[in-house]
Amino acid sequence: MSELKMTGKQLRALGYPQGPVISTAIDVIAQHYATATAEEIETVLAKVLADPAAYTEDAVWAEVATALIPEERPEIIPLREQAVDYAIFGSDAIEEGAVRQLNNAVRLPVAVAGALMPDAHQGYGLPIGGVLATENAVIPYGVGVDIGCRMCLSILDLPVDSLTTKAGEYEKALKNKTKFGAGAEWKRNDDDAVLERNEFREIQILRSLQAKAAGQLGTSGSGNHFVEWGVVTITDAGNEWGLAPGDYVAVLSHSGSRGLGAQVAGHYTRLAKELCVLPKDAQHLAWLDLNTEAGQEYWLAMNLAGDYASACHHLIHKRLIAEMGATMLARVENHHNFAWKEMHHGKELIVHRKGATPAGKGVLGIIPGSMTAPGFIVRGKGETTSLHSASHGAGRQMSRTKAIASITNEEMRKMLQDNGVTLIGGGLDEAPGAYKDIHTVMAAQADLVEVVGQFQPKMVRMADGGPAED
DNA sequence: ATGTCC
């Protein structure tokens with residue numbers, strides 16, 4: 001069912017060189033040759049390859065032709081000798097690789113400030129749990145592959161004991177109204193204003209992604225993404241919604257911008273790495289200058305992917321709430337993979353949070369625990385040294401591979417049973433034991449957020465165990 | 001993270 005008319009492998013078989021031209025050509029084919037035959041595509045590809053100079057002004061093939069003509073690589077931009085000093089929260093439990101990655105990031109010439117959250121672990125480019133503020137520059141890998149990955153919690157008016165007495169109905173709703181798995185799409189789907197956004201017409205890479213985004217709206221993907229029913233316990237009597245302290249049924253979801261964001265991230269990361277060549281151990285931190293067309297395009301596409309991720313959560317919640325005949329009493333939501341324009345140190349900075357929760361003063365957010373440990377509704381304290389940020393969860397203490405190798409199905413089953421949690425889907429790689437203790441993580445960020453309430457998972461749906469995350 | 005392209 002792929003819309004791709006040509007794969008990277010086929011392009012290389014035609015003589016196209018290994019490198020960014022492959023993906024550029026794939027983009028062009030997807031956008032301009034959707035109805036062409038393989039023969040027609042191969043013919044034009046051969047012509048462009050044979051004489052790229054003849055196509056450098058071509059309306060369709062200019063970018064591919066230009067990429068085929070050898071050019072001098074831009075100079076390698078050195079990192080600064082002097083690093084920006086930054087704060088680490090909960091450093092006892094943070095792996096060395098994550099610190100090393102942020103040490104690199106704060107030596108970028110565009111870096112102004114950084115911080116490392118207590119759930120930090122090694123990622124790609126910026127560590128997960130890393131916060132980096134830059135001046136007028138955005139780093140696609142500082143946002144991450146899943147642009148706008150976020151949390152959404154809806155507190156409902158359903159009686160708490162119904163989670164037990166009507167467990168079958170909750171389970172049926174989760175099974176019927178959520179969809180998981182890489183590439184998952186709804187056959188018949190609701191519409192949403194985000195799908196009509198101008199960016200889908202004005203930005204080339206987005207044109208070919210609109211149809212898939214429409215199908216994937218309201219789906220959850222794979223990896224550590226979940227939708228779950230549980231019990232919220234409000235502990236702060238001064239909460240923003242005027243809710244009486246006590247227990248409520250709630251739905252909590254964690255997912256991002258699906259294929260749309262992944263494609264945007266991939267495209268602009270490749271572009272950034274072409275335009276901004278850094279030393280090898282920092283190459284993934286390539287940035288786009290916000291005064292350039294590429295930088296402005298990424299900013300718009302990133303924001304669209306963020307709004308799309310939000311719309312996905314809202315649709316999931318809307319369907320589940322309708323299915324249960326409930327009314328929403330309150331909602332908390334936040335991105336934790338994103339970049340924002342914010343004022344810090346008296347100037348406007350681009351703050352990248354890659355697996356970090358915004359925690360400006362009075363800003364509400366959700367920090368999940370694990371499928372058996374509680375998550376927390378938090379209110380930011382606006383701490384300067386964390387760049388108004390907190391952790392985005394408990395953080396992994398085991399890689400997926402290690403979790404699968406060292407945790408048994410029996411241990412996982414017992415853990416779920418002991419905590420009264422029903423799991424639909426999921427795998428050992430997401431077992432509670434693969435995560436740090438959320439209470440230790442929360443203690444390490446007591447200066448960053450205050451707790452408004454907590455969420456205890458009762459019925460969790462995830463994709464069936466699968467490949468790599470973060 | 002993503003139906004795995006560089």
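Across all strands shown, A:Gly19 has heavy atoms under 4.0 Å from sugar-phosphate atoms exclusively, and none from any base. Residue A:Gln216 is in sugar-phosphate contact alone, with no base atom involved, counting any heavy-atom pair closer than 4.0 Å across all strands shown.
Atom-to-atom, CD1 of A:Ile29 to C1' of B:dC6 comes out at 13 Å; the value is rounded to the nearest Å. A:Leu275 has its CG atom 15 Å from the C1' atom of B:dC6, to the nearest Å. The separation between A:Ile147 atom CD1 and B:dT2 atom C1' is 12 Å, rounded to whole Å. Straight-line distance from the CG atom of A:Leu45 to the P atom of B:dC5: 19 Å, rounded to whole Å. Separating the CG atom of A:Asp464 from the C1' atom of B:dG3 is a distance of 15 Å, rounded to the nearest angstrom. Atom-to-atom, OH of A:Tyr268 to C1' of B:dT2 comes out at 18 Å; the value is rounded to the nearest Å. Regarding A:Gln10, its CD atom lies at a distance of 10 Å from the C1' atom of B:dC5, rounded to whole Å. In this structure, NE2 of A:His267 is placed 20 Å from P of B:dT2, rounded to the nearest angstrom.
Ring planes of A:Phe338 and A:Trp340: perpendicular class, angle over 60° (limits at 30 and 60°).
Electrostatic pairing of A:Arg201 and A:Glu196 does not count as a salt bridge here, judged by no charged N lying under 4.0 Å from a carboxylate O. With salt bridges taken as basic N to acidic carboxylate O contacts below 4.0 Å, none links A:Glu171 and A:Arg461.
Regarding contacts with the backbone of B:dC5, every side-chain N or O of A:Gln263 stays at 4.0 angstrom or more from both OP1 and OP2. For A:Arg258 and B:dG3, the shortest distance from a side-chain N or O to OP1 or OP2 is below 4.0 Å. Taking side-chain N and O atoms only, A:Lys9 has no distance below 4.0 Å to OP1 or OP2 of B:dC6. Between B:dC6 and A:Thr24, no contact under 4.0 Å exists linking OP1 or OP2 to a side-chain N or O.
Proximity note for A:His225 (side chain, C-beta onward) versus B:dC6, B:dT2, B:dG3: the nearest is B:dT2. Distances were taken from every side-chain heavy atom of A:Ala182 (C-beta onward) to each of B:dC5, B:dG3, B:dC6; the shortest belongs to B:dG3.
Sequence order on DNA chain B of the closest nucleotides to A:Pro20 and A:Tyr141 puts A:Tyr141 first from the 5' end.
Residues meeting the ring pair (Phe, Tyr, Trp, His ring centres under 6.0 Å) test with A:Phe226, sequence neighbours left out: A:His254.
Here ring-ring contact (aromatic ring centres under 6.0 Å, His included) pairs that include residues 255-283 of chain A, with residues two or more places apart or in two chains, are A:Tyr268-A:Tyr298.
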